[in-house]
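The structure appears right after this line, and notes come after that.
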Amino acid sequence: MPEYVLTNKELETLVDTTDEWIQTRNGIRERRILKGEGLGTSDMATEAVKELLQKRGISPLDIELVICATTTPDMQFPATANVISDKTGMKNAFGFDVSAACSGFLYALTTGAQYIETGRHKKVLVIGGDKMSSILNYEDRATCIIFGDGCGCVLLEPDTEGYGIIDSVLKSDGAGRAFLHQKAGGSVKPATVETVMNREHFVYQEGQTVFKFAVKNMAEVAAEIMDRNGLTSDSVTWLVPHQANKRIIDATRERMNLAPEKVMINIERYGNTTNGTLPLCLWEWESQLKRGDNIILAAFGGGFTWGATYIRWAYDGNKS
Ligand SMILES: CC(C)(COP(=O)(O)OP(=O)(O)OC[C@H]1O[C@@H](n2cnc3c(N)ncnc32)[C@H](O)[C@@H]1OP(=O)(O)O)[C@@H](O)C(=O)NCCC(=O)NCCS
């Protein structure tokens with residue numbers, strides 16, 4: 001997480017909003033912002049990757065594949081995964097980025113798991129992170145209050161005892177792109193003086209429509225993955241929900257009939273870090289996780305994209 005804390009109070013000085021409005025509608029009190037010229041998503045990822053490798057005592061040369069889920073790559077090309085590999089010395093790895101907005105980490109996790117399941121690779125690093133402040137209009141109160149910067153990562157390794165990533169339900173509906181997108185900067189509308197003047201390089205969101213789809217789809221997919229794996233509200237140990245809006249998280253929890261203490265929530269401190277939310281929750285709660293915990297990850301994002309993943313956790317957090 002970057003150090004700079006952007007509070008609701010500071011946002012009150014930038015746009016016509018209030019701390020109370022933001023906390024009531026969204027559950028966010030503050031978010032982190034990556035300050036400093038020349039710093040991008042890869043710089044946050046580099047810190048996360050170094051911390052993980054050090055914790056596990058693994059050389060960067062052992063990593064075989066790097067998948068980076070991001071909506072704010074360092075550049076259009078090359079892939080941010082390659083930049084991260086270079087900055088951390090993962091010289092034996094190949095890498096690529098996954099673009100699926102706020103569901104990107106789930107898509108990347110499922111993709112990485114396939115390389116492990118087939119036996120092709122033994123150490124796959126999956127990174128999720130965004131520097132959302134680079135595409136936010138701090139004059140648009142409907143969007144700038146929601147998002148923050150942050151990045152997390154996980155290491156996938158083989159397991160032969162039935163632990164790990166058991167199942168994923170991933171969905172998308174491209175018709176939803178109308179309601180949440182970045183208008184310019186791609187091949188349809190390359191950057192021009194006009195696109196910059198018209199502020200078309202920022203996040204465009206029709207919040208109410210996104211909210212309705214997110215509430216319905218995230219809850220449905222979480223219920224679906226429980227059903228098809230025979231999980232009940234008692235046997236699920238944790239829900240790790242995408243942190244977009246506290247009310248969306250509550251609706252998902254209610255649909256799953258889970259007790260509030262089984263839900264990882266840090267939206268009040270970090271806001272929506274897009275691809276960062278899920279790995280950052282796992283990072284914050286890792287010491288509480290136990291071998292055999294049944295964990296459901298659920299996300300919804302631009303595209304529209306959404307999904308849920310079922311993990312049977314493989315180790316005791318305090319022994320990691
Ligand atoms: C963005 C969001 C918090 C807005 O909440 P909402 O209850 O839908 O609010 P609305 O957009 O209907 O706006 C209600 C009113 O608040 C105003 N408003 C919007 N943003 C505001 C802000 N930051 N501060 C104060 N007022 C605000 C609107 O202008 C509107 O005023 P009006 O009634 O006079 O027109 C909510 O729609 C949301 O969370 N959507 C999903 C966002 C999301 O999850 N995105 C990421 C997907 S992964």
Side-chain angles (χ1 to χ4, degrees), residues 6-31 69-72 98-108 128-133 135-150 170-182 202-222 239-253 265-268 270-281 297-308:
L6 175 58
T7 61
N8 289 350
K9 281 282 166 211
E10 185 176 348
L11 281 173
E12 284 179 3
T13 67
L14 301 176
V15 288
D16 182 14
T17 191
T18 63
D19 174 39
E20 203 240 327
W21 192 96
I22 300 170
Q23 292 217 39
T24 314
R25 297 292 176 113
N26 243 349
I28 302 170
R29 201 175 60 230
E30 59 193 38
R31 65 292 288 143
T70 187
T71 304
T72 49
V98 165
S99 168
C102 295
S103 307
F105 183 76
L106 280 192
Y107 280 39
D130 275 291
K131 183 185 170 187
M132 291 306 291
S133 61
I135 55 168
L136 285 176
N137 177 1
Y138 284 95
E139 291 179 5
D140 175 13
R141 67 179 183 174
T143 51
C144 74
I145 58 147
I146 298 173
F147 297 96
D149 302 339
L170 300 177
K171 312 222 179 195
S172 69
D173 177 2
R177 68 189 184 281
F179 309 108
L180 182 52
H181 59 262
Q182 192 177 350
F202 293 124
V203 171
Y204 170 84
Q205 173 171 267
E206 294 178 25
Q208 263 193 26
T209 309
V210 175
F211 184 86
K212 282 181 200 149
F213 274 93
V215 163
K216 179 173 175 289
N217 289 325
M218 203 164 109
E220 259 178 29
V221 81
L239 167 65
V240 190
H242 174 52
Q243 314 279 312
N245 185 313
K246 174 74 163 50
R247 292 182 290 150
I248 299 173
I249 296 173
D250 289 343
T252 305
R253 176 183 67 74
I265 300 177
N266 56 18
I267 189 172
E268 73 283 358
Y270 300 145
N272 181 352
T273 54
T274 304
N275 287 279
T277 61
L278 300 179
L280 285 168
C281 279
L297 278 62
F300 182 88
F304 291 134
T305 55
W306 66 104

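Ligands are counted one by one from 1 in listed order, and the atoms in each one are counted from 1 as well. Below, each value reflects all heavy atoms present in this structure, side chains not excepted, and no hydrogens, waters or symmetry copies.
Within the 4.0 Å cut-off (strictly below), a protein heavy atom is located near atom 16 (O) of ligand 1. In this structure, atom 46 (C) of ligand 1 has a protein heavy-atom contact shorter than 4.0 Å. At least one protein heavy atom sits closer than 4.0 Å to atom 1 (C) of ligand 1. Closer than 4.0 Å to atom 35 (O) of ligand 1 lies none of the heavy atoms of the protein.
Distances shorter than 4.0 angstrom occur between a heavy atom of Asn26 and an atom of ligand 1. Residue contacts with ligand 1 do not include Ala214, since none of its heavy atoms lies under 4.0 Å from the ligand. Using a 4.0 Å heavy-atom cutoff, Ile248 is listed among the residues neighbouring ligand 1.
Between atom CD of residue Gln182 and atom CZ of residue Phe202 there is a gap of 9.5 Å, rounded to the nearest 0.5 Å.
Gln243 places a side-chain N or O within 3.5 Å of a backbone atom of Asn266 that can act as its donor or acceptor partner. In terms of modelled atom types and a separation under 3.5 Å, the side chain of Glu12 and the main chain of Asp19 share a donor-acceptor contact. Side chain of Arg31 to backbone of Asn272: no donor-acceptor contact under 3.5 angstrom is found.
Checking only distances, Arg141 does come within under 3.5 Å of ligand 1, N or O to N or O. Close N/O approach between Gln205 and ligand 1 is found [any backbone or side-chain N/O within under 3.5 Å].
Nearest non-hydrogen protein atom to atom 38 (C) of ligand 1 is Asn245 ND2, 3.6 Å. Protein heavy atom nearest atom 8 (O) of ligand 1, with residue, atom name and distance: Gln208 CG, 3.3 Å. Atom 41 (C) of ligand 1 has as its closest protein heavy atom Gly207 O, 3.6 Å. With hydrogens left out, the protein atom closest to atom 4 (C) of ligand 1 is Trp21 CH2, 3.8 Å, a heavy atom.
Which parts of ligand 1 touch Arg25 is read off a 4.0 Å heavy-atom cut-off, strictly below it: atoms 6 (P), 7 (O), 9 (O), 14 (C). In summary, the atoms of ligand 1 found under 4.0 Å from a heavy atom of Thr17, numbered by their order in the structure, are 22 (C), 23 (N), 24 (N), 25 (C). Per-residue contacts place Ala244 under 4.0 angstrom from the following atoms of ligand 1 (heavy atoms of the residue considered): 44 (O). Against a heavy-atom cut-off of under 4.0 Å, Ile145 is close to the following atoms of ligand 1: 23 (N). Against a heavy-atom cut-off of under 4.0 Å, His242 is close to the following atoms of ligand 1: 48 (S). Within ligand 1, the atoms closer than 4.0 Å to a non-hydrogen atom of Gly301 are 48 (S), numbered from 1 in the order shown. Under a 4.0 Å criterion applied to the non-hydrogen atoms of Asp16, ligand 1 contributes the atoms 24 (N), 25 (C). Those atoms of ligand 1 with a heavy atom of Cys102 less than 4.0 angstrom away are 48 (S).
Between Arg141 and Asp16, the closest heavy-atom pair is NH1-O, 2.9 Å.
The backbone and the side chain of Phe211 each have at least one atom closer than 4.0 Å to an atom of ligand 1 (non-hydrogen atoms only). Only the side chain of Ile146 comes within 4.0 Å of ligand 1, counting heavy atoms alone; its backbone N, CA, C and O stay farther away. By the criterion of a heavy-atom distance under 4.0 Å, neither the backbone nor the side chain of Val15 is placed next to ligand 1.
Contact check for Thr252 versus Pro241: no side-chain heavy atoms found under the 4.5 Å cut-off. Counting heavy atoms from C-beta on, the side chains of Met218 and Ile248 come closer than 4.5 Å. Within the 4.5 Å cutoff, the side chain of Asn8 has no heavy atoms near those of the Trp21 side chain.
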* To do: Show the numbers, then the answer: is there a side chain to side chain contact (heavy atoms under 4.5 Å, CB included) between Ile22 and Thr17?
  => CA-CA 8 Å; Ile22 300 170; Thr17 191; 3.6 Å; yes
* Check against side chain to side chain contact (heavy atoms under 4.5 Å, CB included), Trp306 and Leu106 -> CA-CA 9 Å; Trp306 66 104; Leu106 280 192; over 6 Å; no
* Asked: Taking it one step at a time, do Asp130 and Phe147 satisfy side chain to side chain contact (heavy atoms under 4.5 Å, CB included)?
  -> CA-CA 10 Å; Asp130 275 291; Phe147 297 96; over 6 Å; no
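Aromatic ring orientation, Phe304 versus Phe213: tilted (interplanar angle from 30° to 60°).
Applying the side chain to side chain contact (heavy atoms under 4.5 Å, CB included) rule to Ser133 yields the partners Ile33, Lys131, Tyr138, Asp149; only residues at least two apart in sequence or on another chain are considered. Under the side-chain hydrogen bond (donor to acceptor under 3.5 Å, both in side chains) criterion, Tyr270 pairs with Glu284, sequence neighbours left out.
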